[in-house]
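One structure is given here, and the rest of the page talks about it.
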Amino acid sequence: TLPSPPAARPCIPRDFGHGSLVCVCNATYCDTLDPLVLPAPGSYVKYESSKAGKRLERSEGRFQHSLRTPGLLLTLNITTLYQRLKGFGGSLSDAAAMNILRLSRPAQDNLLRSYFSECGIEYNLIRIPMACSDFSVRPYSYDDIPHDYELKHFRLVDEDVKMKV
């Protein structure tokens, strides 16, 4: 038999002021989630974060066929499909890479585990900007030579080699 996964580790909140809490993730501790299990038909699982301090707080419920209450009413029509979801992820910009690389190796491991592992938020997509973006420390591109349509002067820069590739 497979070992059961460890229990979720709660968020240890840290307040940096301005009414915004973050969860501590360092070399020795990072909060985790229980592995995601699809709910039974007719049920849902909700994860909620709030300015009041909730951090991916899990709750479960059952859909009701008809409910008449004041306030928010969410209607779910499961017979109409609009789009397929490929996954969830984030952006690995120069600024993000610089901050990750400033962490100790154990803190990097915990942070990346919190994004990509089954006990984290399970990202499966990452967007990497081509050349510089508004989160770079300097402007750069891969080929600044006018009319170089064959890209003979195309070159990756240090930021790509050291931080993204």
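In this chain, residues are counted from 1 in sequence order. Below, all heavy atoms of this structure are taken into account, side chains as well, without hydrogens, waters or symmetry copies.
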Open item on the list: Has Y142 got a side-chain atom pairing as donor or acceptor with A131's backbone, closer than 3.5 angstrom?
Closed with: yes
TODO: Report yes or no: do F16 and Y29 belong to one cluster of Ile/Leu/Val/Met/Phe/Trp/Tyr joined by side chain heavy-atom distances under 4.5 Å?
DONE: no
TODO: Would you kindly say whether S91 and R127 are connected by a side-chain donor-acceptor distance under 3.5 Å?
DONE: yes
Open item on the list: A side-chain contact here means heavy atoms from C-beta on lying under 4.5 Å apart; do L101 and K162 qualify?
Closed with: no
- [ ] Mind checking the CD1-CZ spacing from I145 to R155? Nearest 0.5 Å is all I need.
- [x] 10.0 Å
Task: Rounded distance [0.5 Å steps], CG in L36 versus CZ in R58 - done: 7.5 Å
Task: Presence of salt bridge, D143 and K152, under 4.0 angstrom - done: no
Task: Main-chain N/O of A96 paired with S93 side-chain donor or acceptor, under 3.5 Å - done: yes
- [ ] Please answer: with hydrophobic residues joined when any side-chain heavy atoms are less than 4.5 Å apart, are F116 and L92 in the same cluster?
- [x] yes
TODO: First locate atom CG of D158, then atom CG of D94, and finally report the distance between them rounded to the nearest 0.5 Å.
DONE: 11.0 Å
TODO: Measure the CD1-CZ distance between I100 and R102 for me, rounded to the nearest 0.5 Å.
DONE: 11.5 Å
Task: Nearest heavy-atom neighbours spanning K86 and N124 - done: O-ND2, 3.3 Å
Open item on the list: Would you compute the distance between atom CE of M163 and atom CG of N99 and round it to the nearest 0.5 angstrom?
Closed with: 10.5 Å
Open item on the list: With a 4.5 Å cut-off on side-chain heavy atoms, are D31 and P10 touching?
Closed with: no
TODO: Report the relative orientation of the aromatic rings in F63 and Y44; use parallel for angles under 30°, tilted for 30 to 60°, perpendicular for over 60°.
DONE: tilted
Task: Gap separating the CG atom of N110 from the OH atom of Y115, nearest 0.5 angstrom - done: 12.5 Å
Open item on the list: Would you say that more than 12 heavy atoms from the other residues, nucleotides or ligands in this model lie under 6.0 Å from the CZ of F135, or not?
Closed with: no
Open item on the list: Is there a continuous path of hydrophobic side-chain contacts, each under 4.5 Å between heavy atoms, that joins V137 to V157?
Closed with: no
- [ ] Without swapping roles, check the side chain of Q108 against the backbone of L103 for a donor-acceptor pair under 3.5 Å.
- [x] yes
Task: Nearest heavy-atom neighbours spanning L56 and Y47 - done: O-CD2, 3.6 Å
Open item on the list: Around atom CZ of R105, are there more than 12 heavy atoms from other residues, nucleotides or ligands closer than 6.0 Å?
Closed with: no
Open item on the list: Going by the rule side-chain hydrogen bond (donor to acceptor under 3.5 Å, both in side chains), which residues pair with S43 if we only count those two or more places apart in sequence or in a different chain?
Closed with: R62
Task: Path from I121 to L112 over hydrophobic side-chain contacts below 4.5 Å - done: yes
Open item on the list: To check you understand the geometry: which heavy-atom pair defines the closest contact between R9 and T32, and what is its length?
Closed with: N-OG1, 2.8 Å
Task: Common cluster, V24/L111, ILVMFWY with side-chain heavy-atom separation under 4.5 Å - done: no
Open item on the list: If you count every heavy atom of other residues, nucleotides or ligands that lies below 6.0 Å from E48 atom CD, does the total exceed 12?
Closed with: yes
Open item on the list: For a quick test of reading the model, state the closest non-hydrogen atom pair linking L33 to G120 and the distance between them.
Closed with: CD1-O, 3.5 Å
Open item on the list: Would the pair C23 and C30 meet an SG-SG distance criterion of under 2.5 Å?
Closed with: no
